[in-house]
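Working notes, structure below.
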Amino acid sequence: MVSRETSPARTKSFVGSLLVATPTLQDPNFDRTVVIGVGHESDGVLGVVLNRATERKVAHYLDQWALLAGHPAVLFEGGPVQPDAAIGLGWRKADAPFSEAFRPVLGRLGTLDLSRDPDEVAPLLEGMRVFTGYAGWAPGQLESEIDAGAWMVFDALPADPFSASPEDLWSMVWKRQGGMLSAVAHYPADPAMN
């Protein structure tokens, strides 16, 4: 079990932070998930789950964006809210000019306006992923869940949203925390089977 005392200091905004589910979180929508915050407004926090790749090809749903989608070029389950909505997360080139099609989240990471022409956005990007749905929390809800020990807040690394092994991201994030927190990476999926 992870105590809230081990959680890094709170930030005013969760945008760009990783919200990592602890083993105590009982919601199957978020079991062993790594969520990156992409919006924090007065009406709450919005994020996308980074480590739930589907087998559905981007080309089948958003054909025009398929060539820009990184490996694996599949849709990711971004969360249980509005599962028919699509959110693009992109890595902007260092020398790319400003564009209203790209909303910064953290450094060169940002959300993409998928209603734009992909040919307009392609020169700006080094990579992207497409998420269906998102994770959302009402004002104060996420903070309450953190206080209850359901989530830990960690700094994101630039490669996290584009991990070549998204299914391993949860354990990788825990391992790199060091100390006792790194042991959580080995917590059994079903403690009763241990």
Side-chain angles (χ1 to χ4, degrees), residues 1-54 76-83 85 87-91 103-111 129 131-163 165-192 194:
M1 182 158 139
V2 178
S3 72
R4 87 178 249 247
E5 284 77 28
T6 60
S7 184
R10 302 278 175 100
T11 59
K12 290 184 180 180
S13 173
F14 292 103
V15 173
S17 294
L18 293 181
L19 307 168
V20 183
T22 69
T24 62
L25 182 61
Q26 297 298 307
D27 185 341
N29 289 310
F30 296 109
D31 183 44
R32 293 181 181 250
T33 57
V34 177
V35 177
I36 190 162
V38 297
H40 191 167
E41 307 295 332
S42 61
D43 57 347
V45 177
L46 182 139
V48 291
V49 175
L50 298 177
N51 59 328
R52 289 213 172 145
T54 70
F76 282 70
E77 289 180 18
V81 182
Q82 293 187 355
I87 295 176
L89 199 58
W91 186 254
R103 181 176 164 230
V105 169
L106 177 67
R108 293 171 40 205
L109 179 70
T111 56
R129 286 218 165 132
F131 300 84
T132 58
Y134 61 88
W137 294 268
Q141 180 184 3
L142 179 57
E143 292 84 349
S144 294
E145 291 180 14
I146 291 169
D147 288 343
W151 298 96
M152 291 290 283
V153 182
F154 298 125
D155 292 334
L157 295 181
D160 289 341
F162 305 103
S163 173
S165 301
E167 67 280 359
D168 298 327
L169 187 60
W170 186 83
S171 61
M172 290 183 342
V173 171
W174 282 108
K175 285 177 187 174
R176 73 179 185 227
Q177 301 312 310
M180 292 298 292
L181 288 178
S182 65
V184 177
H186 304 290
Y187 194 86
D190 183 357
N194 193 13

[Y] side chain reached by [X] side chain, heavy atoms, under 4.5 Å:
X	Y	result
L50	L89	yes
V20	Q177	no
L106	V15	no
I36	V48	yes

Once you measure the plane-to-plane angle for H40 and F14, does it fall in the parallel (<30°), tilted (30-60°) or perpendicular (>60°) bin? parallel
May I ask you to decide if A135's main-chain N or O and N29's side chain share a donor-acceptor pair within less than 3.5 Å? no
Taking W170 for the side chain and A21 for the main chain, is one N or O donor matched with an acceptor at less than 3.5 Å? yes
After noting the C-alpha distance and the side-chain angles of L19 and W137, does the key distance pass the side chain to side chain contact (heavy atoms under 4.5 Å, CB included) rule? CA-CA 12 Å; L19 307 168; W137 294 268; 3.8 Å; yes
Applying side-chain contact (heavy atoms from CB on, under 4.5 Å) between F154 and each of L181, D160, V34, report the one that passes. L181
Strictly under 6.0 Å, is that where the ring centroids of W174 and Y187 end up? no
What verdict does the side chain to side chain contact (heavy atoms under 4.5 Å, CB included) test give for V49 and E77, after you've listed the backbone C-alpha separation in whole Å, the side-chain angles of each residue and the deciding distance to 0.1 Å? CA-CA 7 Å; V49 175; E77 289 180 18; 5.9 Å; no
Assess whether side chain to side chain contact (heavy atoms under 4.5 Å, CB included) is satisfied between L18 and V153, documenting all intermediate values. CA-CA 6 Å; L18 293 181; V153 182; over 6 Å; no
